[in-house]
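Naming convention: chains lettered A, B, ... in sequence-line order (proteins, then strands); numbering from 1 in each chain.
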Amino acid sequence: MPEGPELHLASLYVNKMCAGVVFTGPVRKSEVSKNPDVPFTCEAYRITATSRGKEVKLTLTPMKSDDPKERVKAGQADQPMDIVIRFGMSGYFRFTTEDELPKHAHLRFYSKETPCRVLSFVDARRFGSWQPNGTWQSDRGPCIMFEYKSFREKVVSHLSDRAFDKPICEVLLNQKYFNGIGNYLRAEILFRLNIPPFVPARTVLEGLESEDLCENEKPVKNETTDTKTSDGAKQKRVKGETGDLLRLCHTVPLEVVNLGGKGYDPQKTDYSDFKAWLQCYCVDGMKSIGDHNGRTMWFKGDPGPMAPKDSKSPKAKKRAKKEDGHDYYTDKKKVASKRSESTSKKKQESVTKIPKKEKKGCPKEAGTKRRKAVKSREVTEPQHEKRSTARKRKSSSAEPTAGPQRRRGRVTRQNSK
DNA sequence: CGTCCACGTCTAC
DNA sequence: TAGACCTGGACGG
């Protein structure tokens, strides 16, 4: 469960489950983990957590002891220790009894209770990592959810950085500026504003103010914001009910936090609320192509000018290792797209592939009905906005029109040229 | 059974 | 800009 919202929900989970619980002894690591040992042991300590972007920090705090001398002799901690954890693609926390330890529980903290319980950092793929006595990774930027002001200022004041030469969808994954945004969030955010994913990032971001004028506005109605029609330059007309791109990098993740559940976690029972929340990522009827790093970008409509010509894919990798020298036959697969057209106008359509049957890789609803999207046409019709919670769930089964609609329009494609 | 795909970094040619 | 690093679920044959 890896994007900002999931990491934050994980920290809330730890604080809730471990409130009042006393832990004891050494912190234990699985045999198979290549991460460092955590040199901490204490007769009695507590655990609390905080999150920042895509990292969680656990703080182990020794409880007061009547006999400091004894403690020191026993090699016990008397000072708190912070452990900074990154979740990789599959990390999460679980608090269980000792005999219910989840498979892949790579870092464990034991409680002092008698049927003892264990707080585990579970990580099936082991892409996650931790650092004892750690600090927030220095090259990661401010948290998009809880350090919004500095996050925004940092982006706006660094637009000349070459990092912004790339397509906006790829820049959104750059943790130096967007700490907490991941693959599903970038799709949902760009979708809400109808921004083509492969448009140069700087083009989309320049003109945004370092201060979010939206912040102190009420529910903000159709605040249409003027536009200093005064010839040249940018006209700020941002804002609307939604806000600009940077603001959505803050509010959209918070929506997931407010869903409660566990965010992206197909195995979870309350995963359906999250699935119902998704409007674009893995949604039927949406398009998807691999970006320049081989990550799947989900979107609707125009891919934008910087879309990969020949959708790359780090797939097509390991080819038989038999022996035969000749096998530079290695890749093919999605190169299936026609080659037609060619120069002149960049008509896409060859790059975008619409899900034929079921998209692999996107978790199906276990047991329940799948989410159907408006396959026929894209809804342009204003629906009744009804924000609020996604408590409904269920959303009637056979509803063919339960999908994502709600186009807000107003793209604000500024830029000069 | 085998292939493809997955919420993310990392480092090496 | 490729791989490497991993496990496991969904599909296809």
Side-chain angles (χ1 to χ4, degrees), chain A residues 1-10 30 32-35 51 53-56 84-93 102-106 122-131 137-141 144 165-167 170 172-176 178-189 252-253 256-257 259 261-268 271 274-275 277-278 280-282 288-298 308-322 330-334 336 353 355-367 370:
Chain A
M1 15 187 319
E3 303 186 22
E6 288 74 30
L7 279 276
H8 182 65
L9 287 166
S30 72
V32 68
S33 175
K34 290 172 182 164
N35 277 306
S51 76
K54 267 185 243 182
E55 297 184 303
V56 162
V84 171
I85 304 174
R86 284 177 290 281
F87 286 17
M89 295 284 266
S90 57
Y92 64 93
F93 279 106
K103 193 178 179 185
H104 307 299
H106 299 301
V122 187
D123 181 16
R125 299 181 69 181
R126 275 179 277 147
F127 288 174
S129 61
W130 63 75
Q131 302 175 194
Q137 206 164 249
S138 65
D139 44 5
R140 304 186 75 104
I144 46 150
D165 289 352
K166 298 178 174 184
E170 292 172 20
L172 287 176
L173 292 186
N174 184 339
Q175 304 298 297
K176 176 177 176 183
F178 297 87
N179 189 7
I181 299 296
N183 209 26
Y184 78 73
L185 283 172
R186 68 170 178 174
E188 295 300 313
I189 291 166
V252 172
V256 179
V257 169
L259 283 181
K262 282 292 211 165
Y264 193 144
D265 182 357
Q267 312 311 103
K268 229 16 198 153
Y271 176 53
F274 177 73
K275 282 209 79 173
W277 174 84
L278 292 173
C280 178
Y281 183 79
C282 285
S288 70
I289 61 182
D291 67 15
H292 295 286
N293 298 307
R295 299 270 258 150
T296 301
M297 180 65 218
W298 287 84
K309 279 290 104 157
D310 232 335
S311 178
K312 325 198 135 257
S313 75
K315 288 62 178 170
K317 43 182 64 162
K318 26 202 81 227
R319 197 44 287 198
K321 175 167 302 185
K322 306 315 173 141
T330 320
D331 61 343
K332 53 172 7 60
K333 43 186 55 9
K334 48 191 32 167
K353 54 193 196 233
K356 37 199 122 293
K357 280 283 100 130
E358 300 273 304
K359 275 290 197 182
K360 282 180 157 176
C362 284
K364 311 294 175 291
E365 191 86 29
R370 289 185 46 43

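Residue-level contact check: Gln137(A) touches the backbone only, with heavy atoms under 4.0 Å from sugar-phosphate atoms and none from bases. Nucleic acid contact class of Arg140(A) (heavy atoms, under 4.0 Å, all strands): sugar-phosphate only.
Using a 4.0 Å cut-off, some side-chain N or O of His104(A) falls inside it from OP1 or OP2 of dG8(C). Ser129(A) has a side-chain polar atom (N or O) that falls below the 4.0 Å cut-off from OP1 or OP2 of dC10(B). Remark: Arg126(A) is in phosphate contact with dT7(C), judged by side-chain N or O atoms under 4.0 Å from OP1 or OP2. One finds a side-chain N or O of Thr296(A) lying less than 4.0 angstrom from the OP1 or OP2 phosphate oxygen of dA6(B). Within the structure, a side-chain polar atom (N or O) of Arg295(A) is placed less than 4.0 Å from OP1 or OP2 of dG8(B). Here Arg86(A) reaches the OP1 or OP2 of dC10(B): one of its side-chain N or O atoms lies under 4.0 Å away.
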>> Determine whether Tyr184(A) and Val252(A) satisfy the following criterion, side-chain contact (heavy atoms from CB on, under 4.5 Å), listing intermediate values before the conclusion.
In response: CA-CA 11 Å; Tyr184(A) 78 73; Val252(A) 172; over 6 Å; no
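A search for side chain to side chain donor-acceptor pair (under 3.5 Å) contacts involving Arg140(A) returns Gln175(A), Asn179(A), not counting sequence neighbours. Residues passing the side chain to side chain donor-acceptor pair (under 3.5 Å) test with Glu188(A), sequence neighbours excluded: none. Among residues two or more places apart in sequence or in another chain, the side chain to side chain contact (heavy atoms under 4.5 Å, CB included) test is passed with Glu170(A) by Lys166(A), Pro167(A), Arg186(A), Phe198(A), Asp291(A), His292(A), Asn293(A). Partners of His106(A) under the side chain to side chain donor-acceptor pair (under 3.5 Å) rule, at least two apart in sequence or in another chain, are Ser30(A).
Smallest separation of non-hydrogen atoms from Ala124(A) and Ser90(A): N-OG, 3.5 Å. Nearest heavy-atom pair, Asp123(A) versus Gly128(A), reported as atom, atom and distance to 0.1 Å: OD2-N, 2.8 Å. Shown here for Pro308(A) and Ile289(A), the closest heavy-atom pair between the two residues is CD-CD1, 4.2 Å. Arg86(A) and Gln137(A) get closest at one heavy-atom pair: CZ-OE1, 3.0 Å.
Here dT9(B) presents its C1' atom at 11 Å from CD of Glu55(A), a figure rounded to the nearest Å. The separation between Tyr281(A) atom OH and dG8(B) atom C1' is 12 Å, rounded to whole Å. The interatomic distance linking Glu170(A) (CD) with dA2(C) (P) rounds to 11 Å, in whole Å. Counting to the nearest Å, the C1' atom of dC5(B) and the CE atom of Met297(A) are 17 Å from each other. Between Gln175(A) atom CD and dT9(B) atom C1' the separation is 9 Å, expressed in whole Å. Rounded to an integer number of Å, the gap from NZ of Lys166(A) to C1' of dT1(C) is 9 Å. When rounded to the nearest whole Å, the span between CH2 of Trp298(A) and C1' of dA6(B) equals 12 Å. Lys103(A) places its NZ atom 8 Å from the P atom of dG9(C), with the value rounded to the nearest Å.
Residue side chain Phe87(A) fails the stacking definition with respect to dG8(B), as its ring centre and the base's six-membered ring centre are not both under 5.5 angstrom apart and under 30 degrees in plane angle. Stacking of the aromatic ring of Phe127(A) onto the base of dC5(C) is found: the ring centres lie under 5.5 Å apart and the planes are inclined by under 30°.
Counting only Watson-Crick and G-U wobble pairs whose two key distances fall under 3.5 Å, DNA chain B forms stems of three or more stacked pairs at B:1-6 with C:7-12, B:8-12 with C:1-5.
One C1' atom belongs to dT7(C), the other to dT11(B), and the distance between them is 22 Å to the nearest Å. Taking atom C1' on both nucleotides, dC10(B) is separated from dG8(C) by 23 Å, rounded to a whole Å.
Screening Val56(A), Val257(A), Val256(A) against Glu6(A) for a side chain to side chain contact (heavy atoms under 4.5 Å, CB included) leaves a single residue, Val256(A).
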Protein N or O to nucleotides 11-13 of chain B N or O, pairs below 3.5 Å:
none

